[in-house]
Novice: 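First the structure, which I've put down as structure tokens, then a few questions once you've had a look.
As the structure lists them, so they are numbered: ligands from 1, and atoms in each ligand from 1. Just so it is clear, the structure is predicted and the values come from calculations on it, not from any experiment.
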Amino acid sequence: MCNLIRLKAPESAVDYLVVGGGVVGLAIARSISEKFPKKSTILVERHTRAGEEISSRNSEVIHSVFTSNVYVRHLHSQGLYYPPDSFKTRLCIRGRELLYDRYEIHTRRVGKLVVATEKQRPYIESLHNKAQKLGWPPSFATTPDRPALRTQLLSGAEARQMEPNLSSEITGALWCPETGIVDSHALMESLEKDIIDSEGGDLVYSTRAVRVDPYTQTSPALPDIDAARRGWVVQVVTGNAGEGDAIFTKTLINATGLSAPLIANSLLPEAKRLPLFYARGSYAKYSGPGVSGVSHLIYPCPETEGKAHGFQSLGTHLTLDFRGNVRFGPDIQWISPGHGEDPDFWTKHLVPDDSRLEEMHRAVTRYLPGVTFAGLQPDYVGIRPKLVGPQGGFQDFVFRTDYPDTDKESQSRPLISLLGIESPGLTSSLAIAEHVVENMLGHVR
Ligand SMILES: Cc1cc2nc3c(=O)[nH]c(=O)nc-3n(C[C@H](O)[C@H](O)[C@H](O)COP(=O)(O)OP(=O)(O)OC[C@H]3O[C@@H](n4cnc5c(N)ncnc54)[C@H](O)[C@@H]3O)c2cc1C
Ligand SMILES: *[C@@H]1O[C@H](CO)[C@@H](O)[C@H](O)[C@H]1NC(C)=O
Ligand SMILES: *[C@@H]1O[C@H](CO)[C@@H](O)[C@H](O)[C@H]1NC(C)=O
């Protein structure tokens, strides 16, 4: 596909080019334009506006920390294993604090109950014990004077005082007061505004990056580009135009989420590319009995028996939006492209349907027995970008760096790709940006 696009000489040059206007690309572009106001930073997004893909199709939960169910399997098979030093843990805690501090109006600390039946009690107890030991990540200049993660074990009766419609089978719960919700669209609008208002930042919509080439010492001399410079030449196409423009950038950030098509020509041979797996998650909205006065997020314990899917998502939980509307989801369904199918094949799986409702109803009534099938309606679908398949264990966020060439000059011209930014990517977004800008680009000029 990429080779059909002719390599053109760049017509313009920028310092930083960010591809992808989801919450991650926006947060990075914002941090760059804040940290390097005298440099030019451009973000290109293929849709007509920001956040049309993963960033607008998720639970909008501010996770207090990452408690993947993968963890549960490790817990059973290898003793207590928890990756406290993973990016997912560190960036989630840091991102959570940054969100609450800076975007107070778009966030609400509603708190979460992880509810357990008698058999599931060991799970929440071990989560609680782990939470006690969790420290603040090093990214905090001054360590807050409170635990990094507050949790409290409740009895079934105490949990029912908070949420009266919980099943009588629920005999314990873990209360996580730091969990909350975020209005992801409002957050992205704030980030956009910061970029537009910055000195050197700019946003370009309806524009796709279609080809990436390293610009090296041996590249053909390009007009207006000093031959000693290294970097990247990115071909972009706006709207339906057949042929686009070429932009030279010193630093390239690939924040394309689910998109495999942005393959660097000659850079990533098939064998070196990271495979991407896709896991569909459906949501249903609910109005009906059995959720009276519900005011907290409610998560079941993961199912650890039988089906592998318990390890890959946090289970069909109850979330609330800012108006108090109740939503259940996401479930998990693995999807993959048919032979020779377009890498954007997943877009056709975005249409919600009622085939998931029965299973969802069954899952939900285990903890909220009064929820009726009739009150459930398909709402929307999100796709998780996964770096490991259904049988995979814990997988961290990946920050991959490539350079245009092997010489010293090229080392300050990185292409940074953000891979597998699934949950808790929204919570972590501001911290991901901070990590990229402070730890990965801080020394780059
Ligand atoms: C079902 C589900 C539930 C989730 N729940 C939560 C949650 O409750 N809490 C939480 O913290 N996280 C959650 N997440 C994770 C979170 O939503 C993601 O980590 C985050 O939104 C990823 O953002 P992104 O910017 O990387 O991707 P995206 O939002 O997909 O952004 C990528 C952008 O790149 C653009 N693009 C792609 N290719 C090109 C190209 N060639 N040229 C130009 N533009 C291009 C796309 O159009 C898109 O806008 C959930 C995810 C899913 C799927
Ligand atoms: C950009 O990221 C996507 C996945 O998000 C990946 O498939 C692709 O190979 C990356 N492209 C480059 C040039 O690194
Ligand atoms: C839900 O709780 C309310 C308030 O306590 C109660 O009136 C109602 O009967 C409960 N419904 C179910 C289905 O448990």
Novice: Taking only heavy atoms of Arg208 into account, list the atoms of ligand 1 that are under 4.0 Å away from them.
Specialist: 42 (N), 43 (C)
Novice: Quick one: do the Glu60 and Ser184 side chains pair a donor with an acceptor below 3.5 Å?
Specialist: yes
Novice: With nothing but distance in play, are any N or O atoms of Ala209 less than 3.5 Å from an N or O of ligand 1?
Specialist: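 Right, the criterion is met.
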Novice: At under 4.0 Å between heavy atoms, is it the side chain or the backbone of Val236 that contacts ligand 1, or both, or neither?
Specialist: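 The answer is neither.
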Novice: So for ligand 1, is Ile54 a polar contact partner (N or O within less than 3.5 Å, distance only)?
Specialist: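 So ligand 1 has an N or O lying under 3.5 Å from an N or O of Ile54.
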Novice: Can you tell whether the side chains of Arg46 and Glu52 come within less than 4.0 Å, N to carboxylate O?
Specialist: no
Novice: Suppose I only count heavy atoms of Val23 and a 4.0 Å limit; which atoms of ligand 1 are within that range?
Specialist: 21 (O), 23 (O), 25 (O)
Novice: For Ala255, counting its heavy atoms only, list the atoms of ligand 1 lying under 4.0 Å from any of them.
Specialist: 32 (C), 33 (C), 34 (O)
Novice: Can you list the atoms of ligand 1 that are under 4.0 Å from a heavy atom of Val61?
Specialist: 7 (C), 8 (O), 9 (N), 10 (C), 11 (O)
Novice: Check contact between Val210 and ligand 1, using heavy atoms of the residue and a distance below 4.0 angstrom.
Specialist: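 Under 4.0 Å: no for Val210.
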Novice: Do the side chains of Arg362 and Glu359 get close enough for a salt bridge, i.e. N-O under 4.0 angstrom?
Specialist: yes
Novice: Heavy-atom contacts under 4.0 Å between Ser59 and ligand 1: side chain, backbone, both, or neither?
Specialist: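 For Ser59, the contact with ligand 1 is made by both the backbone and the side chain.
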Novice: Between Leu419 and ligand 2, which part of the residue brings a heavy atom under 4.0 Å of the ligand: side chain, backbone, both or neither?
Specialist: side chain
Novice: Nearest to atom 43 (C) of ligand 1 by heavy atom, Met188, Arg57, Arg46: which?
Specialist: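 It is Arg46 whose heavy atom sits nearest to atom 43 (C) of ligand 1.
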Novice: Is it the side chain (CB and beyond), the backbone, both or neither of Val212 that lies under 4.0 Å from ligand 2, heavy atoms counted?
Specialist: neither
Novice: Determine, using heavy atoms of Leu258 and all atoms of ligand 1, whether some pair is separated by less than 4.0 Å.
Specialist: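 No.
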Novice: Looking only at N/O atoms, are Gly281 and ligand 1 under 3.5 Å apart anywhere?
Specialist: no
Novice: Measure from atom 3 (C) of ligand 1 to every heavy atom in Tyr283, Tyr278, Tyr380 and give the option owning the shortest one.
Specialist: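 Among Tyr283, Tyr278, Tyr380, the closest heavy atom to atom 3 (C) of ligand 1 comes from Tyr283.
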Novice: Between Glu60 and ligand 1, find which residue part has any heavy-atom pair under 4.0 Å and reply side chain, backbone, both or neither.
Specialist: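 Only the backbone of Glu60 comes within reach of ligand 1.
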Novice: State, without any angle test, whether Arg211 and Gln235 hold a side-chain donor-acceptor pair at a distance under 3.5 Å.
Specialist: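 Side chains of Arg211 and Gln235: no pair found under 3.5 Å.
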Novice: Between Arg102 and Glu97, is the closest basic N to carboxylate O distance under 4.0 Å?
Specialist: no
Novice: Partners of Ser417 by side-chain contact (heavy atoms from CB on, under 4.5 Å), sequence neighbours excluded?
Specialist: Asn254, Arg400, Leu415, Leu419
Novice: Does the ring of Tyr215 carry Arg230 above it, NZ/CZ under 6.0 angstrom from centre and within 45° of its axis?
Specialist: no
Novice: Do NZ/NE/NH1/NH2 and the carboxylate oxygens of Arg30 and Asp202 come within less than 4.0 Å?
Specialist: no
Novice: From atom 34 (O) of ligand 1, work out which of Gly20, Ala27, Gly51 has a heavy atom at the shortest distance.
Specialist: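 Looking at heavy atoms only, the winner is Gly20.
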Novice: Short list, please: which atoms of ligand 2 are under 4.0 Å from a heavy atom of Ser259?
Specialist: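 Counting atoms of ligand 2 from 1, those under 4.0 Å from Ser259 are 3 (C), 4 (C), 5 (O), 7 (O).
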Novice: Give the residue, atom name and distance (to 0.1 Å) of the protein heavy atom nearest atom 15 (C) of ligand 1.
Specialist: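 Looking only at protein heavy atoms, the one closest to atom 15 (C) of ligand 1 is Ser423 N, 3.3 Å.
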Novice: Any donor-acceptor pair under 3.5 Å linking the side-chain atoms of Asp407 with those of Ser410?
Specialist: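 Distance-only check passes for Ser410 and Asp407.
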Novice: Would you kindly specify which portion of Ser429 sits under 4.0 Å from ligand 1, judged on non-hydrogen atoms: side chain, backbone, both or neither?
Specialist: neither
Novice: Under a 3.5 Å cutoff, is there a donor and acceptor pairing between the side chains of His47 and Glu53?
Specialist: yes
Novice: Suppose I only count heavy atoms of Thr427 and a 4.0 Å limit; which atoms of ligand 1 are within that range?
Specialist: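 By the 4.0 Å cutoff, the relevant atoms are 9 (N), 10 (C), 11 (O).
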Novice: Can an N or O of Gly382 be found at a distance shorter than 3.5 Å from an N or O of ligand 1?
Specialist: no
Novice: Distance under 4.0 Å to a non-hydrogen atom of Val24: what atoms of ligand 1 satisfy this?
Specialist: 23 (O), 24 (P), 25 (O), 26 (O)
Novice: Taking heavy atoms and a distance under 4.0 Å, where does His47 meet ligand 1: side chain, backbone, both or neither?
Specialist: side chain
Novice: Below 4.0 Å, non-hydrogen atoms only: which portion of Ile383 touches ligand 1? Side chain, backbone, both or neither.
Specialist: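 Answer for Ile383: backbone.
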Novice: According to side-chain contact (heavy atoms from CB on, under 4.5 Å), who are the partners of Thr207, at least two apart in sequence or on a separate chain?
Specialist: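 Thr207 satisfies side-chain contact (heavy atoms from CB on, under 4.5 Å) with Val44, Val204, Val236, Thr238 only.
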Novice: Taking only residues two or more places apart in sequence or in another chain, which ones pass side-chain contact (heavy atoms from CB on, under 4.5 Å) with Ala279?
Specialist: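 Partners of Ala279 under the side-chain contact (heavy atoms from CB on, under 4.5 Å) test: Ile332, Trp334, Arg384, Lys386.
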Novice: Under a 4.0 Å threshold between the charged nitrogen and the carboxylate oxygen, would Arg356 count as salt-bridged to Asp331?
Specialist: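 The answer is yes: the pair qualifies as a salt bridge.
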Novice: Starting from the N and O atoms of ligand 3, collect every protein N/O partner closer than 3.5 Å and put each pair on its own line with the distance to 0.1 Å.
Specialist:
{"from": "ligand 3", "atom 1": "2 (O)", "to": "Asn165", "atom 2": "ND2", "distance (Å)": "2.4"}
{"from": "ligand 3", "atom 1": "11 (N)", "to": "Asn165", "atom 2": "ND2", "distance (Å)": "2.9"}
{"from": "ligand 3", "atom 1": "14 (O)", "to": "Asn165", "atom 2": "ND2", "distance (Å)": "3.0"}

Novice: Salt bridge or not between Lys348 and Glu341? Use side-chain N to carboxylate O under 4.0 Å.
Specialist: yes
Novice: Please list, in number order, the atoms of ligand 1 under 4.0 Å from a heavy atom of His63.
Specialist: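 Here the atoms of ligand 1 in question are 7 (C), 8 (O), 9 (N), 10 (C), 11 (O).
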Novice: Regarding Arg108 and Asp321, does a basic nitrogen lie under 4.0 Å from an acidic carboxylate oxygen?
Specialist: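 Looking at Asp321 together with Arg108, the answer is no, because their closest N to O distance does not fall below 4.0 Å.
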Novice: Show which atoms of ligand 1 fall inside a sub-4.0 Å distance from at least one heavy-atom site of Ile421.
Specialist: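 Answer for ligand 1: 18 (C), 19 (O), 22 (C).
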Novice: Just by distance, no angles: are the side chains of Ser59 and Thr319 close enough, under 3.5 Å, to form a donor-acceptor pair?
Specialist: no
